[in-house]
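The structure appears below as structure tokens.
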Amino acid sequence: DAKTTQPPSMDCAEGRAANLPCNHSTISGNEYVYWYRQIHSQGPQYIIHGLKNNETNEMASLIITEDRKSSTLILPHATLRDTAVYYCIVRGYNNNDMRFGAGTRLTVKP
Amino acid sequence: GAGVSQSPRYKVAKRGQDVALRCDPISGHVSLFWYQQALGQGPEFLTYFQNEAQLDKSGLPSDRFFAERPEGSVSTLKIQRTQQEDSAVYLCASSLVGATGLGGYTFGSGTRLTVV
């Protein structure tokens, strides 16, 4: 059973913010939201993770709704190099339960 | 090295051949993971090691798949009697933390296996 639902594809204009949604309505209290991305012909790259507070790092911001049933990954100023498949993952505290779905294919256009 | 290294980068095997795929994790990383990624799909979990112990092999699709990490560092994924449905990218990842923890994984670039 997929724990997350993401749109299959999105477009974004270069220089604009990319907002990638993720639904995780069955998330439990001890589960975290992780985001990875995969650029063509490379392995997935860790972006960010959070529990219930919003998080920000040098790559992106993660906004989690108060009820934790959905989240949004924000790339504040998308570049062509951000074109990739973005995966939203819900996982618990066990290290070996990182499970990927189909992700969202983000295309940044000039 | 600075990252997770996988070899070979590409492998073509005839149906029925055995193959061995190698993963060199980041030095000091306790956990190691193997994933299989079919074309156009997300990575699927295969197996997990903590040091030399294989703690989870629930994702291995058949008994033709075997993984080992004898000294707790380098790992090898072996596929016996390859079939066309084994064609995929095989990804290795490592993590600093052990059985529980919130570390992100660092992935290698994968080995693309094509069975002809």
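The sequence lines fix the lettering, A, B, ..., with proteins before strands; numbering per chain opens at 1. No experiment lies behind these values; they were computed from the predicted model shown.
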Handout entry: Toward chain A, the part of B:Glu44 with a non-hydrogen atom under 4.5 Å
Key =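 Neither part.
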Exercise for the section: Please report the C-alpha distance between A:Phe100 and B:Phe45 in whole Å, then the side-chain angles of each, then the deciding distance to 0.1 Å, and finally whether the ring-ring contact (aromatic ring centres under 6.0 Å, His included) criterion is met. Expected result: CA-CA 8 Å; A:Phe100 292 78; B:Phe45 171 81; over 10 Å; no
Is the count of non-hydrogen atoms from other residues, nucleotides or ligands lying under 6.0 Å from [X] atom [atom1] greater than 12?
X	atom1	result
A:Arg16	CZ	no
B:Glu71	CD	no
A:Arg68	CZ	yes
B:Arg15	CZ	no

Handout entry: chain B contact via A:Gln38 - which portion, at a heavy-atom distance below 4.5 Å
Key =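 When you check distances to chain B, only side chain atoms of A:Gln38 fall under 4.5 Å.
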Practice task
Look at A:Gln45, A:Arg99, A:His49, A:Gln42 and state which one has the largest set of heavy-atom pairs under 4.5 Å with chain B.
Solution key: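 Option with the top pair count is A:Arg99.
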Practice task
List the atom of B:Leu91, the atom of A:Pro44, and the distance in Å for their closest heavy-atom pair.
Solution key: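 Answer, listing the atom of B:Leu91 first, then A:Pro44: CD1-CD, 3.9 Å.
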Practice task
Would you name the heavy atoms of A:Tyr87 and B:Gln37 that are closest together and state the gap between them?
Solution key: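 Minimum heavy-atom separation between A:Tyr87 and B:Gln37: OH-NE2, 3.4 Å.
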Practice task
Pick whichever of B:Pro43, B:Cys92, B:Gly42 has the most heavy-atom pairs under 4.5 Å with chain A.
Solution key: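 Most pairs with chain A among the choices: B:Pro43.
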Exercise for the section: Report the distance from atom OH of A:Tyr36 to atom OH of B:Tyr105, rounding to the nearest 0.5 Å. Expected result: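 Spacing of OH (A:Tyr36) from OH (B:Tyr105) equals 6.5 Å.
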Problem - Approximate separation, where rounding is to 0.5 Å, of A:Met98 CE and B:Phe107 CZ - result: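 If I round to the nearest 0.5 Å, the distance is 7.0 Å.
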[X], [Y]: one ILVMFWY side-chain cluster at the under-4.5 Å cut-off?
X	Y	value
A:Tyr86	A:Tyr46	no
B:Leu32	B:Leu21	yes
A:Met59	A:Leu80	yes

